[in-house]
Asks: 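Next up is a structure, given as structure tokens.
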Amino acid sequence: MSNSPLGQALLCACCFLWCAVSAAADDQRTKTDAAEKAQQQVDQLQQPLYTPFTERYILDELKSLRTDMAAQRVEFVQQITDRQIDAVDKSVSYATSTVSNLFYIIAAVSSVLVIVGWSSIRDMKEKMGNIADKELRKLIGAYEDRLREIELQLREKSTYIDENREAIEKTKEIHALWLRAAQENTPANKITIYDQILALNPRDCEALTYKADAALESNEPQWAINLCQRALQLDPANAHAFYQLACAHTALSHFDDAIQFLTQALINGDARLDDFAKDPALQPLHHLPAFEQLLHEKAAEKTS
């Protein structure tokens with residue numbers, strides 16, 4: 001039977017199925033090994049994957065997008081204005097033609113009336129002229145109002161475009177200052193740069209918290225506390241501010257307050273808390289039971 005065509009076909013089909021199953025199993029093993037390697041690489045990461053260059057790229061893309069949108073708005077307003085001006089020109093031409101035809105008709109009627117003795121040509125001309133002047137003044141007034149509205153809209157759009165341009169320039173300048181601060185090594189220079197950022201944007205909570213960090217490096221914990229309190233007034237759920245408060249109170253030996261603010265930072269989800277046990281600023285807290293409990297809770301959250 002194996003030499004028959006049916007037997008050979010069955011044998012080929014079995015071989016094909018066996019090859020397909022083997023290939024699927026190999027593919028599944030390859031995917032499983034790749035997933036395990038990727039998970040190991042993620043577990044071994046010691047710092048964030050993003051860099052300031054990524055932020056710079058995103059800001060440049062946002063700037064380009066906003067510039068394109070502003071140009072599109074200007075083009076759209078220009079097209080609308082051109083169409084409205086064309087409509088005004090056509091309407092004025094139509095009104096002029098209508099008035100001219102009306103004058104011709106009036107002249108013909110006046111001639112007939114003069115012939116029959118009903119009125120003189122001068123009287124008819126004056127009356128028709130007055131009527132035509134009134135109608136033309138109405139039309140001109142209406143179109144002047146429309147053109148005035150168009151001019152007002154163009155001024156508003158120009159103001160909006162200027163505001164967007166200023167906002168883009170300010171964002172670009174702030175980003176450049178952040179890059180400079182990342183390259184500085186001394187706390188005093190960092191504080192100077194953060195002051196420049198706050199001068200451009202007084203409500204920048206991130207600049208306040210990083211300035212507090214630099215103040216801690218300068219051994220000014222009370223100053224850091226004041227800066228963090230200002231940041232919490234702007235953003236009551238700012239986890240980084242709570243974390244800096246915990247470090248500042250630790251420096252002042254206010255351990256209970258430090259544990260309380262560290263707990264608030266943990267609740268609000270500060271990403272730096274993954275390594276807070278290794279932070280030298282929190283080293284005096286390591287002997288406290290409350291701190292050990294926080295470590296235990298953090299470990300339980302990771303496992304869950």
Asks: Got more than 12 heavy atoms from elsewhere within 6.0 Å of CZ, Arg146?
Replies: no
Asks: For a 4.5 angstrom cut-off between non-hydrogen side-chain atoms, does Lys211 reach Leu198?
Replies: yes
Asks: For Gln153 and Val77: C-alpha separation, side-chain torsions, deciding distance, then whether side-chain contact (heavy atoms from CB on, under 4.5 Å) applies.
Replies: CA-CA 9 Å; Gln153 291 177 359; Val77 172; 6.0 Å; no
Asks: Please check: side-chain N/O of Ser64 versus main-chain N/O of Asp60, any donor-acceptor pairing under 3.5 Å?
Replies: no
Asks: Using 0.5 Å steps for rounding, measure from the OG1 atom of Thr81 to the CD atom of Glu151.
Replies: 10.5 Å
Asks: Supply the atom-to-atom distance Ile80 CD1 to Gln84 CD, rounded to the nearest 0.5 angstrom.
Replies: 7.0 Å
Asks: Would you sort out whether Leu216 and Gln244 count as a side-chain contact (heavy atoms from CB on, under 4.5 Å), showing the intermediate values?
Replies: CA-CA 8 Å; Leu216 284 174; Gln244 295 300 331; 3.3 Å; yes
Asks: If you apply the rule side-chain contact (heavy atoms from CB on, under 4.5 Å), what do you find for His175 with Leu179, and how did you get there?
Replies: CA-CA 6 Å; His175 182 67; Leu179 292 177; 3.8 Å; yes
Asks: Walk me through whether Asp145 and Arg148 qualify under salt bridge (Lys or Arg N to Asp or Glu O under 4.0 Å).
Replies: CA-CA 5 Å; Asp145 293 337; Arg148 195 175 295 110; 2.8 Å; yes
Asks: Is the count of non-hydrogen atoms from other residues, nucleotides or ligands lying under 6.0 Å from Asp86 atom CG greater than 12?
Replies: yes
Asks: How about Gln72: does its CD atom have over 12 heavy atoms from other parts shown lying under 6.0 Å from it?
Replies: no
Asks: Can you tell me how far apart CZ (Phe261) and SG (Cys228) are? Round to the nearest 0.5 Å.
Replies: 9.0 Å
Asks: Return yes if a side-chain donor-acceptor contact under 3.5 Å exists between Asp82 and Gln78, otherwise no.
Replies: yes
Asks: Should the ring pair Trp178 and Tyr210 be called parallel, tilted or perpendicular, given that the plane angle runs from 0 to 90° and is split at 30 and 60?
Replies: perpendicular
Asks: Is it the case that atom CZ in Arg203 sees more than 12 heavy atoms from other parts of the structure closer than 6.0 Å?
Replies: no
Asks: CG/Asp257 to CG/Leu245 distance, rounded to the nearest 0.5 angstrom?
Replies: 9.5 Å
Asks: For the CZ atom of Arg230 and the CG atom of Leu208, what is their distance to the nearest 0.5 Å?
Replies: 5.0 Å
Asks: Quick check for you: to the nearest 0.5 Å, what is the distance between Leu200 atom CG and Asp195 atom CG?
Replies: 11.5 Å
Asks: Yes or no on side-chain contact (heavy atoms from CB on, under 4.5 Å) for Thr209 and Asp213, after CA distance, side-chain angles and deciding distance?
Replies: CA-CA 6 Å; Thr209 55; Asp213 190 11; over 6 Å; no
